[in-house]
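Counting begins at 1 with the first residue of the sequence. Values below: every heavy atom of this structure, side chains too, minus hydrogens, waters and symmetry copies.
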Amino acid sequence: CRFLGDTHRTGMLPLRGVTQVVSYKQSSQSRSASRTSNAAAAARSRRFIRTSSAVMLSSSKHNEKLFPWSESFKKSAGSLQEPAGPNTPILFTPLKLRNMTLKNRIIVSPMCMYSSGDGFMSDFHLVHLGQFALGGAGLIITEATAVAPEGRISPYDNGLWKDEHMAMQKRIVDFVHENRGLIGIQLAHAGRKASTNPPFVPGPNAVSDADGGWTPVGASPIEWDSSYRKPHELTKAEIKRIIDDFVAATKRADQIGYDTIEIHGAHGYLITSFYSPLSNKRTDEYGGSFENRIRLLVEITKAVREAWPAEKPLLVRVSADEWVEGGWNSNDTVKLAPILRDLGVDLLDVSSAGNTAAQKIAVGPGYQVPFSRAIKQNVPNLPTGTVGMISDPEQAEAILKNNDADAILMARELLRDPHWPLRAARELGVNVNWIPQYE
């Protein structure tokens, strides 16, 4: 997410009960051990989740008795007050993906916050993500969440590689659900762009072993640029282990109660480094031809889809074009899209760039919309989302009216105004619900 207009990072927080600076210099044996929580810790985590759910349910029942307006809580902020008609702006019509129905087409794009210690979310994330539920977004997607410790962009990334991460994430998911919102999680592996400092931290980009960093991994031993560490080329056994990590995180996400999963296959992270001919110079079945270079994404998608409940939708984010000669381009993405559709992907989140320092991005309002349009025009029965410098309600509505996309993902604009959906409804002349406390 480092080079795109659809991302934003904010300051680190000291985390109670968590060592703020953690050493990640581990032997292969300790890394393997870190993937499997001991039985007692896992049991404690599961008990905490069950207890947390019971407390939340009890609190909800108490509130129903205490607050005379409790029935109003069943109204979801940003949803239509009356059923959609022929003149309803498309931005505020529902979008159904399997059993999940978005109340509007506004999706909170994943945004790296770099505010986790050892992968744990905190109250910062509860407030950060919770504000979008109150503001009326149709779907909230968490920041890139690492499926393994070495899959983090920085030592301060969110994670879901162990059971202990689940309790706080469930608290956040339950809050969103209590306010009639939907929330998904973006599962990710940073690949060769791992072991870096947050962009707002002064000093070198790469984090050394001495400062708590680790050796990143990738399709080939090619660093992103000279400011990054040189990655270790993954063996086939290591690739299999990463696929297993995605599956384990998927099962945890389901137990937590997330409504959807998005696989992060964009912005130069691990999956991108495999499907791009610029960063993948392998000579085995994971390199060379188009079919070989997309193999990792296909295998991860297939494994996650099998582990994820059939009734829940699956999203994938891709970089549709690398903005550089000889790189992955829009035609490649159009070729990839039906393969993902047939694997059970329900929406393709179409971004771009992030895999090479040589990229020359023609940035401007809606600059990534043409990539989504190309998929809509060539690949039937695959909804798409578009993202990048979309800030005006009329602009968003025009994209949907032109059938250039089925959903609008937003990031910075929602940070500036978490209640943008409510403002957009007013500007487009449509009556939507607010939470009663804000009416």
Side-chain angles (χ1 to χ4, degrees), residues 1-4 28 31 144 146-154 157 161 186-196 205-206 213-247 249 263-304 316-329 331-333 335-336 339-340 343 351-359:
C1 304
R2 185 178 297 271
F3 303 96
L4 278 285
S28 58
R31 282 198 302 271
V147 298
E150 61 272 22
R152 293 166 297 165
I153 304 167
S154 83
D157 284 25
W161 65 80
Q186 186 187 67
L187 297 181
H189 194 296
R192 66 177 184 159
K193 293 174 75 173
S195 192
T196 63
N205 179 48
W214 58 94
T215 301
V217 299
S220 299
I222 304 170
E223 59 266 66
W224 197 90
D225 72 7
S226 60
S227 71
Y228 285 79
R229 297 181 61 163
K230 187 173 183 177
H232 157 71
E233 181 176 306
L234 286 167
T235 66
K236 285 186 275 189
E238 290 168 334
I239 290 171
K240 173 63 167 60
R241 189 160 64 242
I242 287 172
I243 295 170
D244 291 342
D245 289 338
F246 270 91
V247 169
I263 296 170
H264 195 351
H267 302 166
Y269 299 117
L270 182 68
I271 291 173
T272 320
S273 77
F274 270 79
Y275 64 67
S276 167
L278 300 178
S279 48
N280 184 345
K281 303 300 181 182
R282 301 174 72 99
T283 57
D284 62 6
E285 62 266 41
Y286 288 96
S289 68
F290 173 88
E291 290 74 18
N292 282 356
R293 286 184 284 108
I294 67 168
R295 190 179 302 279
L296 178 64
L297 174 55
V298 166
E299 290 180 349
I300 289 174
T301 302
K302 187 181 298 183
V304 169
V316 173
R317 170 167 273 192
V318 294
S319 279
D321 198 295
E322 294 193 82
W323 298 89
V324 65
E325 187 70 28
W328 179 273
N329 60 42
N331 292 332
D332 294 319
T333 303
K335 187 177 177 181
L336 170 68
I339 297 171
L340 295 177
L343 288 172
S351 188
S352 73
N355 192 50
T356 171
Q359 62 194 9

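- In terms of the side-chain hydrogen bond (donor to acceptor under 3.5 Å, both in side chains) criterion, Ser195 has no residue partners (sequence neighbours excluded).
- Here the shortest heavy-atom pairing between Gly218 and Pro231 reads N-CB, 3.9 Å.
- Side chains of Arg317 and Tyr269 form no contact here, defined as non-hydrogen atoms less than 4.5 Å apart.
- Side-chain contact of Asn355 with Ser279: a donor-acceptor pair under 3.5 Å is present, judged by distance alone.
- At least one donor-acceptor pair under 3.5 Å links the side chain of Arg293 to the backbone N or O of Gly288.
- Distance CD/Glu150 to CG/Asp245: 7.0 Å, rounded to 0.5 Å.
- Residue Ser154 comes nearest to Thr196 through the heavy atom pair CB-O, 2.9 Å, listed as atom of the first residue, atom of the second, then distance.
- The distance from the CG atom of Asp284 to the CD1 atom of Ile239 is 6.5 Å, given to the nearest 0.5 Å.
- In this structure a side-chain-to-backbone donor-acceptor pair under 3.5 Å is missing from Asp157 to Ala144.
- Scanning for side chain to side chain contact (heavy atoms under 4.5 Å, CB included) contacts around Glu238 gives His232, Leu234, Thr235, Arg241, with sequence neighbours left out.
- The side chain to side chain contact (heavy atoms under 4.5 Å, CB included) test applied to Leu278 returns Ser276, Glu322, Val324, Thr356, not counting sequence neighbours.
- With sequence neighbours excluded, no residue satisfies side-chain hydrogen bond (donor to acceptor under 3.5 Å, both in side chains) with Glu223.
- Between His264 and His267, the ring planes lie perpendicular to each other; the angle is over 60°, past the 30° to 60° tilted range.
- In this structure, Lys193 contributes its side chain and Gly354 its backbone to a donor-acceptor pair below 3.5 Å.
- Taken from CZ in Phe274 to CG in Leu297, the straight-line distance is 11.5 Å, to the nearest 0.5 Å.
- Applying the salt bridge (Lys or Arg N to Asp or Glu O under 4.0 Å) rule to pairs touching residues 266-279 yields nothing, sequence neighbours excluded.
- Note: Ser220 OG to Arg282 CZ = 6.5 Å, rounded to the nearest 0.5 Å.
- For residues 264-275, there are no salt bridge (Lys or Arg N to Asp or Glu O under 4.0 Å) pairs, not counting sequence neighbours.
- Thr272 contributes a side-chain N or O that, together with a main-chain N or O of Gly265, makes up a donor-acceptor pair within less than 3.5 Å.
- Under the 30°/60° scheme for interplanar angles, the aromatic rings of Trp328 and Tyr275 are found to be tilted.
- Scanning for salt bridge (Lys or Arg N to Asp or Glu O under 4.0 Å) contacts around Lys230 gives an empty result, with sequence neighbours left out.
- Formation of a donor-acceptor pair under 3.5 Å by the Ser319 side chain with backbone atoms of Ala353 is found in this model.
- Judged as a side chain to side chain contact (heavy atoms under 4.5 Å, CB included), and not counting sequence neighbours, the contacts of Ala146 are Arg152, Trp161.
- Under the rule for a side-chain hydrogen bond (donor to acceptor under 3.5 Å, both in side chains), Asp332 has no partner lying at least two apart in sequence or in another chain.
- Scored by the salt bridge (Lys or Arg N to Asp or Glu O under 4.0 Å) test, Glu285 finds Lys236 as partners (sequence neighbours excluded).
- Shown here for Ser273 and Asn280, the closest heavy-atom pair between the two residues is O-CB, 3.4 Å.
- Taking every heavy atom of both residues into account, Ile339 and Phe290 meet most closely at CD1-CE2, 4.2 Å.
- Atom CD1 in Ile263 sits 4.0 Å away from atom OG1 in Thr301 (nearest 0.5 Å).
- Residues Ile271 and Val316 fail the side-chain proximity criterion, which asks for heavy atoms closer than 4.5 Å.
- Here OG1 of Thr215 is found 15.5 Å from CZ of Arg192. Values are rounded to the nearest 0.5 Å.
- Between Ile243 and Ile300 there is a side-chain heavy-atom pair separated by less than 4.5 Å.
- Taking every heavy atom of both residues into account, Thr333 and Ala320 meet most closely at OG1-O, 2.8 Å.
- Among residues two or more places apart in sequence or in another chain, the side-chain hydrogen bond (donor to acceptor under 3.5 Å, both in side chains) test is passed with Asn331 by none.
- Arg229 meets the salt bridge (Lys or Arg N to Asp or Glu O under 4.0 Å) test with Asp209; sequence neighbours excluded.
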